[in-house]
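Below: the structure, in structure tokens.
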Amino acid sequence: QVQVVESGGGLVQAGGSLRLSCVASGRAFDMYAMGWFRQAPGKERECVSAISRNGGNTYYTNSVKGRFTISSDNAKNTVYLQLNNLKPEDKDGYYCAARATTSVTTRFLQGNDYNDWGLGTQVTVSS
């Protein structure tokens with residue numbers, strides 16, 4: 001089990017950028033595949049992006065392709081989500097999740113695939 005803490009959310013105007021950070025501590029970070037999810041009240045949780053242990057396999061939901069970028073820094077036990085050209089519909093709580101895995105290339109897209117979650121960071125985009 002790892003402790004997952006997100007940061008970096010905030011209020012930006014449409015077209016602006018944010019960088020979300022997720023620190024996972026307590027176990028060897030390089031044993032974990034990571035994912036970013038978002039969820040608005042009353043809506044289903046959605047996988048926005050995911051990354052494999054070795055960083056070589058990434059996923060983006062269609063609505064964020066070309067605007068969001070996921071990356072990881074094993075030395076800092078941190079995964080990042082760069083959010084560019086933000087739109088009002090990107091407004092949500094963003095949650096980071098960790099999944100221990102023996103596979104270095106698999107990324108996981110379902111919430112049920114993950115064991116450890118952070119409390120989330122709020123992204124608000126004004127039009």
Tell me, do [X] and [Y] make a side-chain contact under 4.5 Å, heavy atoms counted?
{"X": "Gln122", "Y": "Lys91", "answer": "yes"}
{"X": "Thr106", "Y": "Ser52", "answer": "no"}
{"X": "Lys76", "Y": "Phe29", "answer": "no"}
{"X": "Gln82", "Y": "Ser71", "answer": "no"}
{"X": "Cys47", "Y": "Gln110", "answer": "no"}
{"X": "Val2", "Y": "Arg27", "answer": "yes"}

I'd like to know if the side chain of [X] reaches the main chain of [Y], judged simply by a donor and an acceptor atom lying under 3.5 Å from each other, with no hydrogens or angles considered.
{"X": "Arg45", "Y": "Arg38", "result": "no"}
{"X": "Tyr114", "Y": "Phe108", "result": "yes"}
{"X": "Asp92", "Y": "Ala40", "result": "yes"}
{"X": "Glu6", "Y": "Leu119", "result": "yes"}
{"X": "Ser17", "Y": "Asn84", "result": "no"}
{"X": "Arg99", "Y": "Ala33", "result": "no"}
{"X": "Asp116", "Y": "Gln3", "result": "no"}
{"X": "Ser49", "Y": "Tyr59", "result": "yes"}
{"X": "Gln39", "Y": "Glu46", "result": "no"}
{"X": "Thr101", "Y": "Ser103", "result": "yes"}

Give the C-alpha distance, both sets of side-chain angles, the deciding distance and a yes or no for ring pair (Phe, Tyr, Trp, His ring centres under 6.0 Å) between Phe37 and Trp117.
CA-CA 10 Å; Phe37 290 75; Trp117 291 82; 5.0 Å; yes

Which atom pair, heavy atoms only, marks the closest approach of [X] to [Y]?
{"X": "Asn57", "Y": "Asn54", "value": "N-OD1, 4.1 Å"}
{"X": "Val123", "Y": "Asp90", "value": "CG1-O, 4.2 Å"}
{"X": "Val4", "Y": "Ala98", "value": "CG2-CB, 4.2 Å"}
{"X": "Ala50", "Y": "Leu109", "value": "CB-CD2, 4.0 Å"}

Let me check something: do Met31 and Val23 share a hydrophobic cluster, defined by ILVMFWY side-chain heavy atoms less than 4.5 Å apart, either directly or through other members?
no

Test of understanding: clusters of I, L, V, M, F, W, Y form through side-chain heavy atoms closer than 4.5 Å, transitively. Do Tyr95 and Leu81 belong to the same one?
no

Using side chain to side chain contact (heavy atoms under 4.5 Å, CB included), reason through Tyr80 and Thr69 one step at a time and then give a plain yes or no.
CA-CA 8 Å; Tyr80 302 98; Thr69 303; over 6 Å; no

Spacing of [atom1] belonging to [X] relative to [atom2] belonging to [Y], to within rounding of 0.5 Å:
{"X": "Ile51", "Y": "Ile70", "atom1": "CD1", "atom2": "CD1", "value": "5.0 Å"}
{"X": "Leu86", "Y": "Arg67", "atom1": "CG", "atom2": "CZ", "value": "6.5 Å"}
{"X": "Tyr94", "Y": "Leu18", "atom1": "OH", "atom2": "CG", "value": "9.0 Å"}

For Trp36 and Val79: C-alpha separation, side-chain torsions, deciding distance, then whether side chain to side chain contact (heavy atoms under 4.5 Å, CB included) applies.
CA-CA 9 Å; Trp36 282 99; Val79 63; 4.0 Å; yes

Candidate pair Ser72 and Met34, rule side chain to side chain contact (heavy atoms under 4.5 Å, CB included), full reasoning
CA-CA 9 Å; Ser72 61; Met34 304 294 291; over 6 Å; no

